[in-house]
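Working notes for the structure below.
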Amino acid sequence: MPELPEVETIARQLRARGVEGRQILSVRVEWPRTVEPLSVAVFCKELRGTTIDRISREGKWMMFSLSSGKTVMIHLRMAGSFSMESGPHDRLVLQLSGGLSLYYRHTRKFRRWKLVDDPQVILAKLGPDALTRRFTQNYFCEAMRERHRMIKPLILDQSIVAGLGNIYADEALWEAKIHPERLSDSLGDAELGNLFKAIKHVLTIGVRNRGTSLGDGKTNYRDVEGESGGHREKVKAYGRGGKPCERCGNPIKKIVVAQRGTHFCPSCQTI
DNA sequence: GAAGACCTGCTA
DNA sequence: TAGCAGGTCTTC
């Protein structure tokens with residue numbers, strides 16, 4: 001679920017709720033495999049008594065910089081979320097100073113809380129974050145041209161550009177009118193330029209709308225305030241199989257590309 | 001590349 | 001009841 005805009009929304013809300021600057025009084029791990037690579041006991045001991053100095057984000061990773069010098073790296077995977085109130089599927093709870101509790105929630109138990117000395121060990125494997133200045137059009141075009149792969153799996157590859165997931169990849173390709181199975185080195189300058197701009201655009205709009213949530217079931221994305229994100233009505237391709245393309249009226253088609261459900265307009269996005 | 005693993009819960 | 005889900009990882 002959470003891609004760059006959802007993680008950014010959650011990070012901003014945690015800051016707004018005043019999580020930065022608070023001390024961690026206690027840690028409760030409800031699903032032990034949430035934590036790695038340390039044992040739960042060591043993990044809790046390392047966190048207890050430290051202060052969360054800063055909350056930041058890079059790609060889909062969220063980082064809590066601790067006063068101990070270590071960093072908690074959190075990846076929300078498919079269904080992770082945070083809340084200030086307890087609820088079903090809480091996997092890890094931080095009791096913070098000032099009477100605040102922070103609940104990490106994940107229906108599917110896809111774990112990922114890492115305590116590291118240096119976040120670069122993980123971040124160095126990522127390409128530039130899609131919404132930073134380090135992600136430039138030149139870099140993007142070069143990266144696409146020097147490979148010979150289908151464009152969709154390539155823009156989902158976090159080692160090339162960090163932040164896109166399945167929803168925003170489909171949205172960016174729809175916006176740039178590029179078929180998801182086009183080979184990366186077959187794309188011209190204009191097409192790559194359009195795709196670059198579309199990636200920045202769909203993610204920026206996603207952040208502005210505080211993320212995307214599809215449907216309204218309990219497993220969908222929720223931000224820290226329990227809201228489902230305002231981007232749902234803005235989605236043009238993802239999850240719209242069979243529905244008319246907003247640009248040309250022909251039905252959006254759903255196919256599978258590199259094992260991921262993929263939605264596109266066969267008449268706007270030609271091979 | 002592709003397929004399986006990690007998991008639960010919703011939908012068809 | 002089977003299939004599918006916003007994401008990585010590992011192993012062919």
Side-chain angles (χ1 to χ4, degrees), chain A residues 1-10 30-37 57-62 73-82 87-92 104-114 121-127 129-130 147-174 180-185 199 202-203 205-207 209-223 227-232 234-242 254-263:
Chain A
M1 149 210 324
E3 306 178 30
L4 187 153
E6 290 74 34
V7 182
E8 177 64 24
T9 299
I10 291 169
E30 308 274 7
W31 178 252
R33 297 177 73 182
T34 302
V35 166
E36 61 179 48
R57 179 196 61 75
E58 183 79 23
K60 301 174 194 171
W61 285 95
M62 182 149 54
M73 312 241 351
I74 302 162
H75 199 298
L76 275 41
R77 297 285 192 113
M78 295 271 264
S81 65
F82 277 97
H89 316 300
D90 287 340
R91 305 302 179 195
L92 196 151
Y104 168 75
R105 199 162 286 171
H106 204 301
T107 25
R108 289 169 73 182
K109 298 180 178 171
F110 284 180
R111 64 204 184 276
R112 207 34 71 99
W113 275 56
K114 282 173 178 281
V121 173
I122 291 168
L123 299 182
K125 294 175 191 154
L126 297 182
D129 182 283
R147 290 172 178 85
H148 181 70
R149 283 174 61 191
M150 285 190 290
I151 189 69
K152 176 168 173 185
L154 203 48
I155 60 173
L156 282 176
D157 186 336
Q158 303 296 298
S159 71
I160 294 168
V161 50
L164 283 168
N166 211 26
I167 296 179
Y168 294 96
D170 281 0
E171 293 305 300
L173 289 166
W174 181 88
E181 292 177 305
R182 283 283 298 281
L183 288 169
S184 56
D185 57 357
I199 288 170
V202 297
L203 292 174
I205 297 296
V207 171
N209 290 308
R210 302 186 342 278
T212 302
S213 178
L214 301 168
D216 53 3
K218 293 188 184 75
T219 57
N220 295 313
Y221 161 76
R222 297 278 146 162
D223 65 20
E227 305 283 328
S228 60
H231 198 55
R232 189 181 347 188
K234 315 284 196 301
V235 171
K236 309 289 188 192
Y238 186 87
R240 297 194 70 249
K254 185 184 175 190
I255 59 173
V256 174
V257 178
Q259 287 93 248
R260 307 300 302 275
T262 297
H263 314 75

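Order of the sequence lines fixes the chain letters, A, B, ..., with proteins taken first and strands second; residue numbering starts at 1 for each chain. All values below were derived from every heavy atom in this structure, side-chain atoms included, with hydrogens, water molecules and symmetry-related copies excluded.
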Does A/Lys109 place a side-chain N or O at less than 4.0 Å from the phosphate oxygens OP1/OP2 of B/dC6? no
Pairwise N/O distances under 3.5 Å, protein to nucleotides 9-12 of chain C:
residue	atom	partner	partner atom	Å
C/dC9	OP1	A/Arg112	NH1	2.5

Does A/Gln158 have a side-chain nitrogen or oxygen under 4.0 Å from the phosphate oxygens OP1 or OP2 of C/dG7? no
For nucleotides B/dG4 and C/dG3, find the distance between their P atoms and express it as a whole number of Å. 13 Å
Indicate, with a heavy-atom threshold strictly under 4.0 Å, whether A/Lys254 touches base, sugar-phosphate, or nothing. sugar-phosphate
When you compare the side chain of A/Arg210 with that of A/Asp223, does any pair of heavy atoms fall below 4.5 Å? yes
When the distance from CZ of A/Arg222 to C1' of B/dG9 is rounded to whole Å, what number comes out? 15 Å
Result for 5'-nearest mapping on DNA chain C, choosing between A/Leu164 and A/Arg108, is A/Arg108
Rounded to whole angstrom units, what separation is found between the CG atom of A/Leu183 and the P atom of B/dG1? 9 Å
Please report, rounded to the nearest Å, how far the P atom of B/dA5 is from the CZ atom of A/Arg33. 13 Å
Please give, in whole Å, the distance from B/dC7 P to A/Trp31 CH2? 6 Å
N/O (side chain, A/Arg260) to phosphate O (OP1/OP2, C/dC4) under 4.0 Å: no
Whole-angstrom distance between B/dC6 and C/dT1, as gauged at atom P: 23 Å
Pair A/Tyr221, A/Glu3: side-chain N/O donor-acceptor within cut-off below 3.5 Å: no
Let me know the distance between CG of A/Leu76 and P of B/dC7, rounded to the nearest Å. 17 Å
Does the aromatic ring of A/Phe110 sit over the six-membered base ring of B/dC7, closer than 5.5 Å centre to centre and tilted less than 30°? no
When you get a sec, tell me which of B/dG1, C/dG6, C/dT8 is the closest nucleotide to the side chain of A/Met78? C/dG6
May I have the distance from A/His106 (atom NE2) to C/dA5 (atom C1'), rounded to whole angstrom? 12 Å
Atom pair distance, as rounded to whole Å: CD in A/Gln259 and P in B/dG1: 11 Å
Euclidean distance, atom CD1 of residue A/Ile74 to atom P of C/dT8 [Å, nearest integer]: 15 Å
Is A/Tyr238 near enough to C/dG6 that one of its side-chain N or O atoms lies under 4.0 angstrom from OP1 or OP2? yes
Anything below 3.5 Å on both distances counts as a pair; with that, list the stems of at least three consecutive Watson-Crick or G-U pairs involving DNA chain C. B:1-6 with C:7-12, B:8-12 with C:1-5
